[in-house]
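Structure, as structure tokens:
Per chain, numbering begins at 1; letters A, B, ... match sequence-line order.
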Amino acid sequence: MKNSITVKLAPAPRMTVLSALAPPAATLAALVITWQVAVTAGGVQPAILPSPQRILQQGWEARTTIWENTLPTLQETLLGFAVSLTVAWTLAILIDFSPGLRRALVPLLVASQAIPIIAIAPLMVIWFGFGMLPKVIVIALVTFFPVTVGLIDGFNRTDRDAINLLRSMGANRWKQFVYVRLPSALPSFFTALRIGIAYAVTGAIFAEYVGAERGLGIYMAMMKNSFRTDLVLAAVAVTAFVSVCLFLLTYVAERAIIPWHSKARRSWHG
Amino acid sequence: MVEATPPKIELRGICKSFLLGHGQVRSVLDDVAFSAQPGEFVAVIGPSGCGKSTMFNIMAGLETASSGEILVDGDVVTGQHEHFAYMPQKDLLFPWRSILENTSLGLEVAGETKKIARARAASLFAAFGLSGFEDSHPFELSGGMRQRAALLRTVVQGREVLLLDEPFGALDSLTRTDMQSWLQGVWSQNAWTAVLITHDIREAIYLADRVVVLSARPACVRLNLTIDLPRPRALSMTTSAEFAGYERTLLATLHEETRSSRAP
């Protein structure tokens with residue numbers, strides 16, 4: 001009897017992962033097939049629009065070069081995002097403790113989002129050269145805002161009654177923060193983290209595109225200039241793959257750091 | 001009246017008013033005064049919105065009174081929180097903490113080591129019907145169990161007076177009856193002093209030694225009724241003539257208050 005129960009329960013979680021992946025995979029496959037058929041049947045020039053098959057083939061042949069350009073992009077993304085997270089946490093905690101700072105900083109944070117990155121990124125190259133630094137700055141600039149706002153919002157969404165309970169126990173502001181505000185904000189933080197990481201990869205590509213020694217961005221720019229549309233698109237596919245992987249990693253981190261969140265949510269809905 | 005020992009807790013002339021802006025003032029509490037002897041269970045009832053929760057917040061040191069004093073053992077303690085353990089309406093068990101970690105929170109906040117705090121909380125799990133659920137998380141517990149855990153978290157702080165703000169208000173009526181009879185049982189085995197806010201007249205009579213009826217806003221004490229029923233109290237007592245008599249008295253006073261609060 002015990003065995004039959006184990007067997008019965010085991011497939012359930014795998015089914016949910018499968019059923020989550022199946023629809024987007026099927027949609028993607030349908031799109032790729034339509035594309036392939038349209039290009040072959042229509043006799044489109046590969047330099048204009050290469051077929052998926054050609055992209056795969058040429059991309060595979062150029063795999064060493066693409067890989068050599070993927071590594072620096074990944075490195076910049078992670079470093080830039082780490083800087084962004086540090087800035088976001090510092091700002092959000094400072095703002096949470098000081099209403100004065102909130103009034104002083106929040107309008108500036110919002111204004112920082114009005115900076116057109118497309119105009120600033122080339123200047124970064126002039127100021128800081130072709131190395132790592134301008135990329136890290138651009139990535140941090142585009143990603144720190146959603147994370148900071150997510151955190152500030154998360155801290156503020158703490159149940160007022162929970163704060164009162166802590167106060168009745170004699171908790172000072174710091175203890176209120178550690179025991180309630182911080183854990184309450186973590187679910188919002190992970191949502192913001194997902195938005196941020198999606199922007200981070202795009203930010204890295206963009207920063208490289210306007211000037212870099214290596215990286216997927218500058219690789220795309222160079223391939224475009226030599227009319228290698230197939231290799232541009234191969235690099236795009238790699239970029240998308242990297243983004244999806246980083247995105248999924250945030251779920252892994254969420255499960256590891258706040259396992260209670262998904263469990264509590266599941267029990268409320270089911 | 002001369003008393004040999006001062007009451008455990010006494011409220012003297014508690015007033016509270018809020019500024020509404022445009023020079024308007026809303027008076028919520030107007031000279032609220034009552035007391036509880038050591039080991040006494042006092043229930044407070046009143047029309048909804050009459051300021052019961054504000055009164056509790058003042059007692060718990062979360063809000064300041066406009067005037068008046070709170071005394072514990074005859075000493076003025078107005079604005080101090082360390083004499084009161086507060087149990088809010090919602091259970092407020094944190095999903096990121098296990099039941100044991102939730103129940104020991106107050107001791108931990110008070111500076112006790114985690115080990116000692118958890119050991120003290122764990123020693124009460126059997127009496128609260130929570131044995132075996134130490135490592136469970138709040139979402140795995142039923143409503144009644146969550147409320148017992150919240151009460152354990154309140155009691156284990158070892159404060160002198162328990163403030164219970166409608167602890168069973170969110171439970172279904174069957175679970176609520178269960179919880180009342182359970183609380184009545186644990187009560188008779190302990191020497192806690194408690195003030196309970198409730199909307200439920202029967203709950204007030206069944207659990208309390210004395211029922212304080214507050215008037216409509218601005219609230220003052222309209223009736224201070226001693227419930228002279230023997231302890232331990234069986235559920236069957238709630239159908240006795242005496243019980244019904246108390247119920248009639250309280251209901252009449254409350255209705256009068258509700259009517260006057262609706263009057264222009």
Side-chain angles (χ1 to χ4, degrees), chain A residues 9 12-13 89 93 96-97 150-151 153-193 251-270, chain B residues 53-54 56-64 79-99 101-112 114 117 135-142 146 150 153-154 156-159 161-167 170:
Chain A
L9 284 178
W89 274 96
I93 292 175
D96 191 56
F97 274 88
L151 271 174
D153 194 45
F155 292 143
N156 278 333
R157 235 185 286 169
T158 308
D159 193 334
R160 273 198 63 87
D161 296 326
I163 299 284
N164 276 340
L165 176 70
L166 263 286
R167 284 177 59 209
S168 82
M169 290 172 171
N172 58 22
R173 187 63 174 73
W174 174 248
K175 281 187 175 170
Q176 291 168 29
F177 181 79
V178 172
Y179 284 109
V180 200
R181 294 180 79 86
L182 178 63
S184 295
L186 288 178
S188 313
F189 166 68
F190 279 101
T191 307
L193 189 73
Y251 281 99
V252 175
E254 186 177 13
R255 285 276 166 92
I257 296 169
I258 51 169
W260 48 267
H261 181 58
S262 56
K263 281 190 214 151
R265 209 169 32 187
R266 261 205 303 279
S267 76
W268 286 332
H269 292 301
Chain B
S53 288
T54 306
F56 251 31
N57 285 342
I58 291 170
M59 291 166 81
L62 300 174
E63 283 182 48
T64 49
Q80 298 174 11
H81 60 76
E82 56 263 30
H83 305 277
F84 304 96
Y86 175 55
M87 178 175 174
Q89 283 175 34
K90 291 184 263 180
D91 60 62
L92 293 176
L93 296 171
F94 300 140
W96 53 86
R97 294 187 145 236
S98 70
I99 297 301
E101 289 165 345
N102 262 296
T103 50
S104 57
L105 179 69
L107 291 172
E108 229 181 277
V109 168
E112 210 55 86
K114 278 185 188 176
D135 298 324
S136 300
H137 279 261
F139 50 84
E140 296 168 308
L141 267 60
S142 69
R146 292 169 65 109
R153 178 186 61 199
T154 316
V156 78
Q157 295 177 58
R159 304 274 174 91
V161 181
L162 306 180
L163 303 175
L164 314 174
D165 189 355
E166 288 190 62

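Highest contact tally toward chain A, considering only B/Glu108, B/Glu82, B/Gln89, is held by B/Glu108 [criterion: heavy-atom pairs under 4.5 Å]. Among B/Pro138, B/Gly106, B/Ala60, the residue with the largest count of heavy-atom pairs under 4.5 Å with chain A is B/Gly106. Annotation: maximal heavy-atom pairing with chain B below 4.5 Å, among A/Asn172, A/Val178, A/Asp159, A/Leu186, occurs at A/Asp159.
The contact between A/Asp161 and chain B is made by backbone and side chain atoms together, counting heavy-atom distances below 4.5 Å. Both the backbone and the side chain of A/Val180 come within contact range of chain B, judged by heavy atoms closer than 4.5 Å. With a threshold of 4.5 angstrom between heavy atoms, B/Phe84 approaches chain A through N, CA, C or O but not through any side-chain atom.
Residues A/Arg167 and B/Leu62 approach most closely at NH2-O, 2.8 Å, considering heavy atoms. Scanning all heavy atoms of the two residues, the minimum distance from A/Met169 to B/Arg159 falls at O-NH2, 3.2 Å.
In this structure, the side chain of B/Arg153 engages the main chain of B/Leu92 through a donor-acceptor pair within 3.5 Å.
Inter-residue side-chain proximity for A/Ile258 and B/Trp96 is flagged as unmet; no heavy-atom pair is nearer than 4.5 Å.
For an aromatic pair to be called close, the ring centres must be under 6.0 Å apart, and A/Trp260 with B/Phe139 fails this.
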